[in-house]
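Remarks on the structure that follows.
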Protein chains: 2
Amino acid sequence: MMAEDKMKLENQICFSLYATTREMTKLYRPLLADLDITYPQYLVLLALWDSSPLSVKELGGRLYLDSGTLTPMLKRMEKVGLIERYRSREDERKVLIGLTKEGRDAEHKAACIPDLLLENIDMNEDEILQLQHTLQRMLEGAREKGEGL
Amino acid sequence: MMAEDKMKLENQICFSLYATTREMTKLYRPLLADLDITYPQYLVLLALWDSSPLSVKELGGRLYLDSGTLTPMLKRMEKVGLIERYRSREDERKVLIGLTKEGRDAEHKAACIPDLLLENIDMNEDEILQLQHTLQRMLEGAREKGEGL
DNA sequence: GTTATTTTAATTGTGCACAATTAAATAGTA
DNA sequence: TACTATTTAATTGTGCACAATTAAAATAAC
C-alpha cells in the first residue's frame, strides 16, 4: 500500500472497527428497548448472568472498563432494580454486584437477542468465527501493549 | 454452538468489536498526544486531509456521526485553531469545515501514525486486509439494516 | 506492631455518542 | 405565488468512556 493511502479513512482498520462497532450497537437498541437497558448495561448483565456476584474490579476486568465508567452505570442499574450493590464482608474495599430477581428474570427475556442480532448479519458461521478469533487476538495484543502506558 | 453459550460475553462478536475498538483507540492516545487531539478529532482531520472543505453533513456521512456529535467537537477544534467553520454561500443551510494552516500542517506530523500504530499489531498484511474486508461488509450491512429504524 | 505500600471504588472533569426536538433555508408543488 | 415538504445544523438531555485524583481498607515490610 502506498504511504498516502495509509492516511485514508477507508483503509484504516481502526476506523472500520470504530464505525462498525457503533453501527452494530445501534442494531441492539430495538432489541434492548423491551428491557429498557443500554448496550453497555446489557454487557454487565451478560457478565452477571454468567457469574455473580462480581466485584466492580472483576466486572471491569471482564468488560475492559474501569470504576469511572462502571460506578455511575451500576448506580443507574441499581436504581431501576436490576442489580444490587453491597460491600464484601471479607474485604471491605470490594463492592459486590449481584442480580436482583428482576435482573435474573431479564435473562429469559434476553435469551432471543443473540439470535435476533445474528439475523441482521449477512455472514456465515465460519466467517463469524474467523472474525471473532482475529478480534480476540487483536484485543489481547492491544491490552498487552497498552498496559505499559 | 449451544444456546447458553451464545449468552456468554466471550462468544459475542459485538462484544469483541466493542472491547477491541476501545483498546485500539487507547493505543492512539500517545501517538496523538503530540498533536493534542483525540481519536475522533484525528478522524475528522483524516477526512479533511483527503478532501476539504466538507459540510457537516458530508463529514458525518464519512465518519458515521451526526451533528449532535460533530457540532460540539468541531467547535472545540475551531477553538484550538485546527479548522474553520463557515456557512456556504450557495446554500446557507450548510456549514463548511475547512482546514487552517495549522490543520494542514498537522498532516506532516501525523504521517507516521498509521505505521506506528501497525507496529503495535501482531498481524500480517493479509490478515489485516481480510479483517478490513470483513468489517466493511459488516458495516455496510449494519448501516442498511439500521437505516430503517 | 507500627509504618509504608498496594489495592479497591468513588469522584472529578472532559469529551464523545446519539435520540429527539427546533429553527432556518431550500426545494417542490398546486 | 403561496404553501408544503425536505434538508441541514444546532440544541437539549442522557449515558458512556477514561485520565487523574482521592480516600479507605488490606497487605507487606521493617
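Keep in mind it's a predicted model, so treat the numbers as computed, not measured. In what follows, every chain begins at residue 1, and chains take the letters A, B, ... in the order their sequences are listed.
The separation between Met24(B) atom CE and dA17(D) atom P is 18 Å, rounded to whole Å. Atom CG in Leu32(B) sits about 15 Å away from atom C1' in dA19(D), given to the nearest Å. The distance from atom CG of Leu63(B) to atom P of dA17(C) is 9 Å, rounded to the nearest whole Å. Rounded to whole angstrom, the span from the CG atom of Leu65(A) across to the P atom of dC18(D) amounts to 6 Å. Taking atom CG of residue Leu27(B) and atom P of nucleotide dC18(D), one finds them 12 Å apart after rounding to whole Å. One interatomic measurement links the two molecules: OH of Tyr86(B) to P of dT8(D), which rounds to 17 Å at whole-angstrom precision. Rounded to whole angstrom, the span from the CG atom of Leu54(B) across to the P atom of dT8(D) amounts to 14 Å. Tyr28(A) places its OH atom 19 Å from the C1' atom of dG15(D), with the value rounded to the nearest Å.
Residues Leu116(A) and Leu9(B) share a hydrophobic cluster, clusters being chains of Ile/Leu/Val/Met/Phe/Trp/Tyr side chains in contact below 4.5 Å. There is no path of hydrophobic side-chain contacts, each under 4.5 Å, that joins Val80(B) to Tyr86(B).
Between Arg22(B) and dC18(D), a side-chain N or O to OP1/OP2 separation shorter than 4.0 Å is present. The phosphate of dC16(D) has OP1 or OP2 within less than 4.0 Å of a side-chain N or O from Thr38(A).
In this structure, Arg29(B) and Pro40(A) both approach DNA chain D, and ranking their closest nucleotides by distance from the 5' end singles out Pro40(A). Along DNA chain C, the nucleotide nearest to Arg89(B) and the one nearest to Tyr18(A) differ in position, and the one closer to the 5' end is contacted by Tyr18(A).
What you find for Leu45(A) and Leu99(A) is that their closest heavy atoms are CD2-CD2, 3.8 Å. Of all the heavy atoms in Trp49(A) and Ala106(A), the pair that sits closest is CZ2-C, 3.6 Å. Taking all atoms of both residues into account, the shortest heavy-atom contact from Ala110(B) to Tyr42(B) is CB-CE1, 4.4 Å. Taking each heavy atom of Lys26(A) and Tyr64(B) in turn, the nearest pair found is NZ-O, 4.5 Å.
Comparing dA25(C), dA17(C), dC18(D) by their closest approach to the side chain of Glu92(B) singles out dA25(C).
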So if I define the base as every atom that isn't primed, P, OP1 or OP2, how would nucleotides 3-10 of chain C read as a B/S/- string at a heavy-atom cutoff under 4.0 Å? ----BSBB

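Remark: the backbone N or O of Leu54(B) is not paired with any side-chain donor or acceptor of Ser52(B) at under 3.5 angstrom.
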